[in-house]
Peer 1: 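Structure provided below as C-alpha cells; questions to follow.
Residue numbers begin at 1 in each chain, while the letters A, B, ... track the order of the sequences.
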Amino acid sequence: MARPTPLSGFPEWLPDGRVVEQHVLDTLRRTFELHGFAGIETRAVEPLDQLLRKGETSKEVYVLRRLQEEQDGDAEGSRADRAAAAEKQLGLHFDLTVPFARYVLENAGRLAFPFKRYQIQKVWRGERPQDGRFREFVQADIDVVGAGELPYHYEVELPLVMAEALGALRDVGVPEVRILVNNRKVAEGFYRGLGLDDVEGVLRQVDKLDKIGPDAVAELLQAEQGAAPEQAKACLELAAISGADTTVVDRVRALAASYDAVTELLETGLGELAALIEAAARRAPGVVVADLKIARGLDYYTGSVYETVLVGHEQLGSICSGGRYDTLASDGKNTYPGVGLSIGVSRLVSRLLSAGLVAATRGVPTAVLVAVTDEAHRDRSDAVAAALRARGVPADVAPSAAKFGKQIKVADRRGIPFVWFPAQPGEDGTEPAVLSGEVKDIRSGEQVDADAATWEPPAEDLFPRVVPAAAE
RNA sequence: GUGGCUAUAGCUCAGUCGGUAGAGCGCCUGGUUGUGGUCCAGGAGGUCGCCGGUUCAAGCCCGGUUAGCCACCCCA
C-alpha cells in the first residue's frame with residue numbers, strides 16, 4: 001500500500017510533541033479545577049440547525065453522513081420526510097460554546113447556577129488550513145453561566161483565570177501572554193451615537209485594521225458600511241485607543257463627546273471596562289490591556305470581549321478568545337447569560353513545537369530499559385522490570401537479546417536515560433540474585449551495582465518532563 | 001470558496017542546454033574477546049505526486065488533476 005500523505009489541517013504530533021501537549025492540557029485542567037470549574041464533555045455532533053444558529057451561515061461546518069444514506073432515503077420517503085431529515089442532519093461542532101449552551105438548556109434542572117465548567121475537546125472547522133490554523137484542533141474552554149442573570153464580576157474573573165492558566169506554563173518556556181479586552185457596549189454605543197447602525201459590519205471592518213491599515217479600513221467603512229468620512233475617522237480614532245489603565249476610559253469618553261456620540265449604552269460599557277481594567281491591574285499587573293479595536297467576529301457577544309496573543313508571536317493570532325454573551329442559551333422562557341474564554345490548545349502547542357520554545361526530555365515514559373542477556377534468561381529481565389514498575393519506575397525490557405551495544409542504542413534512540421544489565425552467572429555457574437545487576441546512566445556512562453528492589457532513578461528522570469527548549 | 005507558489009530517497013534539498021537520478025543527514029552491516037555516541041569501510045533505499053500531450057528522447061516543456069504551502073475569507 002502506498003504511503004498515505006498527511007492531511008493538512010489535521011495535526012498529529014510525534015510522541016515527544018504529545019508529551020508537551022499533554023503537559024499543557026494537565027496544567028490547564030489543574031488551574032481550572034483550582035478555580036472551581038467542573039469538567040464536562042459534550043458529544044462531537046450537534047443538529048445542523050443548532051450549529052448554524054450563530055448567524056454566520058457561511059460557517060464551515062463538517063456535516064455527518066452515513067454512506068448508505070442515499071439508498072435508505074431516496075427510493076421512498078416524501079419531500080417532507082427528506083426535509084425533516086435534513087433538519088435533523090448532524091454536523092461536527094466547530095466550537096465548544098454552542099454545544100455547551102445546548103447542554104445547559106438540556107440539563108438546566110440538574111445544574112446549580114451560576115454554573116462554572118471547563119471543557120477540553122476537539123473541534124472541527126472546514127476552513128483552509130495554514131500555520132497555526134487547523135481543521136481539527138483542541139480547545140480548552142471555561143465558561144460561567146447564570147440562570148436569568150450573571151453578575152459582571154465574572155467578566156473580570158474569567159480572563160484572570162486564563163492568565164493564571166497560561167502563566168502556569170511560563171516555567172516550561174511558554175512566552176508571556178497579553179490579554180486584550182474591549183466591550184461590545186462601548187463599540188456599539190459609540191457607533192450608534194455616531195449614527196452608524198450596522199454595528200456588526202463596522203466591527204468586521206475595524207477588525208481588519210492590523211492587516212490592511214487605517215486608510216484601507218476607512219475606505220471600506222465608507223464603501224461597505226456607507227459611513228461618512230467623518231464617521232469613518234471617528235471609528236478609527238476609537239480603534240486607536242489602548243492602554244492598561246483607566247485613563248483609556250476617559251479618552252474614549254472625551255472622543256465620544258467631541259463627536260457628540262455619547263450614549264447610555266456607551267456609558268454602561270465604559271463603566272464595565274473600567275472595572276475590568278482596574279481589577280486586572282490589581283490582580284495580574286501587565287497582563288490585561290484595553291484595546292478598543294478588538295472586535296471579535298462572533299455576533300452573540302454582548303459585553304466584554306477578549307483576545308490573547310503570545311508576546312513575540314502576535315502574527316500567530318489569538319490563542320485564547322471569548323466574551324460575554326447574554327442570549328446564547330435561551331429556551332424562550334429562561335435565558336442563561338454567560339461569559340467564557342477558549343484556549344486554542346493546538347495552535348499554542350504547534351507554535352511551541354515549531355518555534356522550538358519547549359521540548360520534552362523524552363518521547364517515551366520509560367526511565368529504565370532492562371537489557372536481555374539471552375532469550376533463555378528473558379524471564380530474569382522481566383522480573384527486574386516488574387520489580388521496578390511495582391515501585392512506580394517506568395521500565396521496559398529490551399526487544400531482543402542483541403549485543404549490549406545495540407540494546408544501549410535502543411535506549412538512546414528513545415531517550416531512555418538508564419539501561420539495566422542483569423547480573424551474570426558466576427564463573428563457577430552459580431546463579432546470582434535475580435534482582436541484582438548493574439545500572440548505567442547512558443548520558444554520563446556511569447555504571448553502578450544495583451538491586452531492583454531498592455534502586456530508583458533521580459526524581460527528575462522518573463518521567464518525561466517538559467522544559468524550555470533552549471535549556472536542553 | 002477565491003488567488004499565488006510548490007511537488008525528486010525516511011528527512012532537507014541539488015539536478016546545467018530535454019539525453020531514463022545525486023548530496024547531506026538518517027537507517028542497516030562490519031571494524032572478534034557482550035557497553036551506544038566519535039571515526040573508518042561497506043550497504044539498502046526513488047514508476048521523479050498522478051493522468052495525458054509534444055519529442056528520437058521528459059525529473060526538466062505543455063494541458064489537466066490531486067495534494068501541500070502562503071495570502072484572502074474566517075477564526076483558537
Peer 1: So, are D326(A) and R184(A) salt-bridged, with charged N and O less than 4.0 Å apart?
Peer 2: no

Peer 1: For Y325(A) and Y301(A), take the angle between the two ring planes, folded into 0 to 90°, and tell me which bin it lands in: parallel under 30, tilted 30 to 60, perpendicular over 60.
Peer 2: tilted

Peer 1: Do Q231(A) and Y191(A) meet the criterion of a side-chain donor-acceptor pair at a distance under 3.5 Å?
Peer 2: no

Peer 1: Scan side-chain atoms only and decide if H377(A) and D374(A) contain a donor-acceptor pair under the 3.5 Å cut-off.
Peer 2: yes

Peer 1: If you only use heavy atoms from C-beta on, which nucleotide in C75(B), G3(B), C74(B) is closest to the side chain of R347(A)?
Peer 2: C75(B)

Peer 1: Take atom C1' in U8(B) and the same atom in G68(B), then report the distance between them in whole Å.
Peer 2: 15 Å

Peer 1: Go ahead and name the base partner of U20(B); Watson-Crick or wobble counts if both distances stay under 3.5 Å, otherwise write none.
Peer 2: none

Peer 1: Using the side-chain contact (heavy atoms from CB on, under 4.5 Å) rule, pick out the option among W124(A), F10(A), F94(A) that qualifies with R135(A).
Peer 2: F10(A)

Peer 1: Do nucleotides 28-34 of chain B as a string where each nucleotide becomes B, S or -: B if the base has a protein heavy atom under 4.0 Å, S if just the sugar-phosphate does, - if no protein is that close.
Peer 2: -S----B

Peer 1: With sequence neighbours excluded, what pairs up with F190(A) under the ring pair (Phe, Tyr, Trp, His ring centres under 6.0 Å) test?
Peer 2: none

Peer 1: So what does I442(A) touch, heavy atoms closer than 4.0 Å: a base, only the sugar-phosphate, or nothing?
Peer 2: base

Peer 1: Counting only Watson-Crick or G-U wobble pairs whose two distances fall under 3.5 Å, which nucleotide matches A44(B)?
Peer 2: none

Peer 1: Please give the distance between the P atoms of A71(B) and C27(B) as a whole number of Å.
Peer 2: 34 Å

Peer 1: Does any nucleotide pair with A58(B) by Watson-Crick or G-U wobble geometry, both distances under 3.5 Å, and what is it?
Peer 2: none

Peer 1: Where is the tightest heavy-atom contact between V419(A) and I408(A), given as atom of each residue plus distance?
Peer 2: CG2-CA, 4.3 Å

Peer 1: Establish, with yes or no, whether the OP1 or OP2 oxygen of A71(B) is under 4.0 angstrom from a side-chain nitrogen or oxygen of Q130(A).
Peer 2: yes

Peer 1: Looking at the side chain of P129(A), which of U35(B), G36(B), C69(B) is the nearest nucleotide?
Peer 2: C69(B)

Peer 1: With a non-hydrogen cut-off below 4.0 angstrom, is G317(A) in contact with a base, only sugar-phosphate, or nothing?
Peer 2: nothing

Peer 1: Can you tell which of C75(B), C74(B), G36(B) lies closest to the side chain of K208(A)?
Peer 2: C74(B)

Peer 1: Identify the nucleotide, in any strand shown, that forms a Watson-Crick or G-U wobble pair with C72(B), with both distances under 3.5 Å; if there is none, say none.
Peer 2: G1(B)

Peer 1: How would you label the contact of R443(A) with the nucleic acid (heavy atoms, under 4.0 Å): base, sugar-phosphate, or nothing?
Peer 2: base

